[in-house]
Amino acid sequence: MRADRRPMTRPTDHPSSPGTALIVGASLAGLMTALTLSRTGVHVTLLERSDDTGRTGAALHVQNGLLERITGLPTAQVPQPLAPGIQTWFAVHGALRAAIETNPLVELRQNTTVRKVGQDAQSAWVLTSDKQRITADIVIGADGHRSTVRRHIAPEHPDATFAGYVIWIGIADESAIRARRWPQDVAFLGDNDNTLLGYPLPGADGSHAPGSRRLGWAWYDSSRNGLLRSTGTVNGSVVRHSLMPAGIPNATYRELAAQARELFPSPWKDAILDSIERRAVIGTPIAEYVPARLANGRVAIVGDAAHVPTPMTGSGFAESLYDAEAIANAISDSGTTTTALLNYQSARIRSARNLVQSGQGFSRSFARRAA
């Protein structure tokens with residue numbers, strides 16, 4: 001069995017003092033890391049800059065028993081069960097947040113923006129936008145593709161690079177599109193310049209009953225880099241932010257609707273048109289980051305802070321889980337020390353690099369077609 005996927009150890013396996021950890025970012029990677037670290041007895045403080053980390057439309061493949069695996073709890077004690085299969089980002093985030101809220105070893109501080117990271121031989125710390133200095137034994141960055149913590153880990157290579165295309169993302173209710181035949185599996189559709197990934201989803205309440213389900217879609221588009229740059233969404237080679245619904249020009253909505261009618265069959269076309277009509281579309285420019293290192297002294301990075309692949313790999317969420325488990329295993333073996341974080345890096349660096357590189361061929365080919 002690979003070192004980075006060995007079973008989680010229990011707190012009783014390592015009797016030394018568990019220590020403390022700061023995790024910057026309370027999205028999925030941060031929440032999973034907090035839960036796995038708490039199983040080793042580490043006291044965790046999660047720092048999240050916003051009070052809402054939601055993303056419209058994103059979907060993930062959830063393996064069977066995910067929450068039980070992360071928390072170590074039996075199914076009956078999981079605060080908010082999560083069914084296996086394709087789930088929305090919201091559903092996964094909500095289940096992880098529910099587990100955090102019942103965990104006495106984890107504290108979540110929202111509306112806390114980290115500006116800088118530092119360390120010495122005894123501890124690591126963060127400085128926040130309101131001039132707080134918060135200290136712990138270790139700091140872990142789970143702060144996404146524009147990671148602040150990564151700048152401390154790799155100051156010579158701090159930024160993910162724009163891959164040359166955008167993904168338009170949305171979700172439509174079954175009741176709004178009245179599909180004659182409901183898709184059973186993920187669909188890949190499109191032409192050379194437009195690739196559509198479509199996926200059936202349960203309803204907002206988790207129901208799979210006909211009439212209450214949803215369709216999610218992700219439209220890979222390599223033809224609108226000018227729009228991304230003119231709106232400041234992409235600056236040079238760096239992705240600054242997503243293009244939110246209100247920031248997408250009406251002309252772009254009309255163009256997308258016309259293309260959807262021409263390119264895609266029902267029910268995917270209908271789901272796209274419904275999302276466009278409701279102005280419930282997000283444009284996410286795709287960035288990529290191949291890490292040179294994952295740790296520096298008492299500071300480490302996980303998830304999108306550590307490795308940013310194209311979503312076409314379909315593995316970003318799973319690799320973030322492996323990060324969370326690997327760092328907890330390393331700490332269980334060595335405590336909250338520099339040795340533990342170096343061992344985490346050794347366990348994960350090859351997989352992290354391979355993950356991103358596995359999708360770069362697609363990105364280069366797809367972006368080149370629009371050049």
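The other residues sharing a hydrophobic cluster with L127 are W125, where clustering joins ILVMFWY side chains under 4.5 Å apart. Within the hydrophobic cluster formed by Ile, Leu, Val, Met, Phe, Trp and Tyr side chains joined at under 4.5 Å, directly or through other members, L105 stands alone, with no partner residue.
A side-chain donor-acceptor contact under 3.5 Å links Q119 and H152. Side-chain N/O atoms of S315 and T313 include no donor and acceptor closer than 3.5 Å. Between the side chains of Y165 and T310, a donor-acceptor pair is found at a separation under 3.5 Å. D173 and S175 form no side-chain donor-acceptor contact under 3.5 Å, judged by distance and modelled atom types alone.
Each salt bridge (charged side-chain N to carboxylate O under 4.0 Å, His left out) pair with one or both residues in residues 137-147, not counting sequence neighbours, would appear here, but there are none.
Annotation: ring pair (Phe, Tyr, Trp, His ring centres under 6.0 Å) contacts of Y289 (sequence neighbours excluded): H157. Taking the side chain to side chain contact (heavy atoms under 4.5 Å, CB included) definition, one finds that Q122 meets it with D120, sequence neighbours left out. In terms of the ring pair (Phe, Tyr, Trp, His ring centres under 6.0 Å) criterion, residue partners of F264 (sequence neighbours excluded) are, by chain and number, W219.
The environment of CZ in R278 is crowded: more than 12 heavy-atom neighbours from other residues, nucleotides or ligands sit within 6.0 Å. Within 6.0 Å of the CD atom in E277, the count of heavy atoms belonging to other residues, nucleotides or ligands does not exceed 12.
Each of V299, I138, V139 was checked for a side chain to side chain contact (heavy atoms under 4.5 Å, CB included) with L341, and the lone residue meeting it is I138. Each of T252, D221, T284 was scored for a side-chain hydrogen bond (donor to acceptor under 3.5 Å, both in side chains) with W168, with one residue passing: D221.
The shortest non-hydrogen separation linking L215 to P200 is CD2-CA, 3.8 Å. Closest of all the heavy-atom pairs between E174 and S212 is OE1-N, 3.4 Å. Shown here for A26 and L108, the closest heavy-atom pair between the two residues is CB-CD1, 3.8 Å.
Taking the ring axis of Y322 as reference, the NZ or CZ atom of R348 does not stay both within 45° of it and closer than 6.0 Å to the ring centre.
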